[in-house]
Amino acid sequence: MRWSQYFIPTLREDPADAEVVSHKLLLRAGIIRQLSAGIYSYLPIGQRIALKVMQIVREEMNRIGGQEFYLPALHPAELWQESGRWSAIGDDMFRLKDRKGADMCLGMTHEEVITSIARNEIRSYKQLPQVWYQIQIKFRDEPRPKSGLMRLRTFIMKDAYSFDVDWEGLDRSFKDQREAYKRIFTRCGIEFSIVEASSGSMGGSESNEFVAKTDAGEDLIASCSNCEYAANLEKASSRLSKIEDDAGPDAPEEFSTPAVRTIEDLARTPYLVAANRQIKSLVYFATIDGEPRPVLALLRGDHQLHDVKFGDALGSTATRPAQPEEIRELLGASAGSLGGVGAKATSRKSNQQLLIIADLGLKGRRNMTTGANKDDHHIRGVDIERDIEVDQWADLRTVSSGEPCPRCDTGTLEVFRAMEIGHIFKLGTKYSESMGANVLTADGKQVPIIMGCYGIGVERIITAAIEQNNDSDGIIWPKSITPFDVVVTITNIKNEELRNAGEQLYKDLQHAGLEVLLDDRDERAGVKFKDADLVGIPYRITIGKKIADEMVELFDRRAKQSEDVKLDDVVARVQELALSAQ
RNA sequence: CGGGGCGUAGCACAGCCUGGUAGUGCGCUCGGUUUGGGACCGAGAGGUCGGAGGUUCGAAUCCUCUCGCCCCGACCA
């Protein structure tokens, strides 16, 4: 392509609406333009990038036997009513009526559609397994679209579905997808982790989330430096070093602690109670079975409560910290002087049923110090299992960077921000059962097909690639998904010698099978360099004064280094570089 | 949905508090000089100030409503 004719509207300044790096660069490099919140147009180089990503996905899907479909984006409500999701999904689904008044929706995913094909056409176990996929637009009316292409209302997704006659088959299909995903993200130049995830409202037994490390991400992930362990902070755990407690007194002792309100206060002189020898006591109200109940959560003094783990452990739909008045009514003291000893008895005075849940990190601890449920007083010598009526033990604490891996002996955990780029689920029979997709087994029994579903967000790959590959000058595309392999920059288009050399090189590079952008614009060299850096094309060949000696300059965008190369050698050199690994 | 911010030229912004009929930089057009890291000089084009209603002799500016966008939170197949 000739830059002079090609539509790449670069922006010199950061657009006001963009916050995260990838969003700014996507706009500045002329890749996308916004149409509405969470809705973007792909401009020509954006389309080239998206096609490259989709092609990699397609190749890897085909490699594991996937068959490409193209399914409708517009669905009749009946399908979704069959699976039960018409009512289970709320405002996230775009709904509309056709001219006859029939309910329709825009597909946010395609389990229903694919299952309806399977149930109509697949009769026998002999037709299985099948792996079907498509690369298609999805619609989700996100409550909060954000960060450019990160959280969209319309986006491109590769969604694959596997159909097996038994669970062993599903295991194989799942593993195939897992391996394909690793290859896809690796080929796209993305640093990723695989985390255990909950399958959420998708249903099913097992799921893996693929995440890309980026500060713009919405998830917090704990990942082991040594082994493969990685988990969302909502589920992550770590190994605690054992603490040997001295045997304490036979019964807890109350002591006076005027003005002590925090763990830190008690850790200082004159008390000197180390934070890991204190019990942190937090009062919450948790909605359990539709009823709000007061809950006392106990953790080691230096640990932080993770409210998702807390809610999960209680089976609660909503939790909130108690108000100061509520705490006083319940336990007769203010936050800062609370504790589990005798808390149940105290709470009964206010006619409330207090639930005590303790973090596993406190199990077996003795001779601890905690609040006395009396302002300005604490209790020491607390043996948790002896002195506190714990209703439930659970993993409640937030894992921090540097803690030992729960799975291997030598690794430590690193906690970082990440964004979801893919998710694979073992669905099981959720859709095949509700929608009646059955097959006959070898021994003549009718069984529901065992399904899996596997998604990849194309825009998420693009976003992650930019987030992980940029510098102050712009994007640095991984070679596999760059819009062009190389840009030929003619420093002065009015100079005939330079122009001719550039035109010839442009042709030669194309003949060598490279995707070439020829910067033949009548602009100053500096402008062209800035634009080339911004757009992020991996290699730039600069045609300048050195052409008198049959030399050109080859600039490596990532290394930010250039070498002088003979004009005759530069095609082979670029070919070699562009086709090498990232 | 709760909290916050912002809508003025293609882009980034000033003007609003204290009403008097719109400005700066970049970009764009034309002419000239320049030509290896976002040039310079000169001359231009370009805006119903998001929309509606109101107050006023007069509204970008004050009031009411409304639409849109961004950020934080809730939510997130």
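Just so we're on the same page: letters track the sequence lines, and every chain starts at 1. All values derive from a computational prediction rather than experimental measurement. Just so it is clear, the values below take in all heavy atoms, side chains as well, and ignore hydrogens, waters and symmetry mates.
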Heavy-atom nearest nucleotide on RNA chain B taken for A:Glu218 and for A:Gly526; more 5' hit belongs to A:Gly526

- First of A:Pro143 and A:Asp533 reached from the 5' end of RNA chain B, by closest nucleotide: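 This one resolves to A:Asp533.
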
According to the Watson-Crick and G-U wobble definitions, with both distances under 3.5 Å, which nucleotide is paired to [N]?
N	value
B:rU35	none
B:rC30	B:rG42
B:rC6	B:rG68
B:rC75	none
B:rU18	none
B:rC13	B:rG23

Whether [X] side chain and [Y] backbone form a donor-acceptor pair below 3.5 Å:
X	Y	value
A:Lys528	A:Asn492	no
A:Tyr42	A:Arg48	no
A:Thr482	A:Lys479	no

Indicate, with a heavy-atom threshold strictly under 4.0 Å, whether [X] touches base, sugar-phosphate, or nothing.
X	result
A:Pro9	nothing
A:Ser562	nothing
A:Asp91	nothing

Measure [atom1]/[X] against [atom2]/[N] and give the value in whole Å, please.
X	N	atom1	atom2	answer
A:Glu19	B:rC6	CD	P	14 Å
A:Arg33	B:rC11	CZ	P	9 Å
A:Arg524	B:rA39	CZ	P	5 Å
A:Asp522	B:rU34	CG	C1'	12 Å
A:Leu152	B:rA77	CG	P	16 Å
A:Asp14	B:rC70	CG	C1'	14 Å
A:Glu13	B:rA14	CD	P	12 Å
A:Tyr431	B:rA77	OH	P	11 Å

Side chains of [X] and [Y] only: does a donor on one sit below 3.5 Å from an acceptor on the other?
X	Y	value
A:Tyr431	A:Glu82	no
A:Asp508	A:Gln504	yes
A:His23	A:Lys146	no

If you only use heavy atoms from C-beta on, which nucleotide in [options] is closest to the side chain of [X]?
X	options	value
A:Leu534	B:rA39, B:rG38, B:rC70	B:rG38
A:Ala16	B:rC13, B:rG37, B:rC71	B:rC13
A:Pro15	B:rA12, B:rG38, B:rA77	B:rA12
A:Lys146	B:rA77, B:rG37, B:rC71	B:rC71
A:Asp531	B:rA77, B:rG38, B:rC69	B:rG38
A:Val527	B:rA77, B:rG38, B:rC69	B:rG38
A:Met108	B:rC70, B:rG38, B:rA77	B:rA77
A:Glu553	B:rC70, B:rA77, B:rG36	B:rG36
A:Arg85	B:rA77, B:rC75, B:rC71	B:rA77

Side-chain donor/acceptor of [X] to base of [N], under 3.5 Å:
X	N	value
A:Asn492	B:rG36	no
A:Arg521	B:rG38	no
A:Glu523	B:rG38	no

inquiry  = What verdict does the ring pair (Phe, Tyr, Trp, His ring centres under 6.0 Å) test give for A:Phe210 and A:Phe185, after you've listed the backbone C-alpha separation in whole Å, the side-chain angles of each residue and the deciding distance to 0.1 Å?
reply    = CA-CA 9 Å; A:Phe210 288 74; A:Phe185 298 128; 5.5 Å; yes

Check for me whether the distance between the ring centres of [X] and [Y] falls short of 6.0 Å.
X	Y	answer
A:Trp132	A:Phe69	yes
A:Tyr539	A:Phe555	no
A:Phe310	A:Tyr284	yes

For the [atom1] atoms, the ones on [N] and on [M], what distance do you get once it is rounded to whole angstrom?
N	M	atom1	value
B:rA59	B:rC17	P	14 Å
B:rC70	B:rG50	C1'	15 Å
B:rC62	B:rG68	P	23 Å
B:rG20	B:rC13	C1'	24 Å
B:rG47	B:rU8	C1'	8 Å
B:rA52	B:rG5	C1'	23 Å
B:rC65	B:rA43	P	48 Å
B:rA14	B:rG2	P	28 Å

- Before accepting this row, confirm whether a basic side-chain N of the pair A:Asp556/A:Arg558 lies closer than 4.0 Å to the acidic partner's carboxylate O. no

So does A:Gln34 get a side-chain nitrogen or oxygen closer than 4.0 Å to the phosphate oxygens (OP1/OP2) of B:rC70?
yes

Is A:Ser36 near enough to B:rC69 that one of its side-chain N or O atoms lies under 4.0 angstrom from OP1 or OP2?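 The answer is yes; a side-chain N or O of A:Ser36 sits under 4.0 Å from OP1 or OP2.
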
Specify the residues of residues 536-549 of chain A, ordered by number, for which at least one heavy atom lies under 4.0 angstrom from an atom of RNA chain B.
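A:Arg540, A:Thr542, A:Gly544, A:Lys545, in order of number.
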
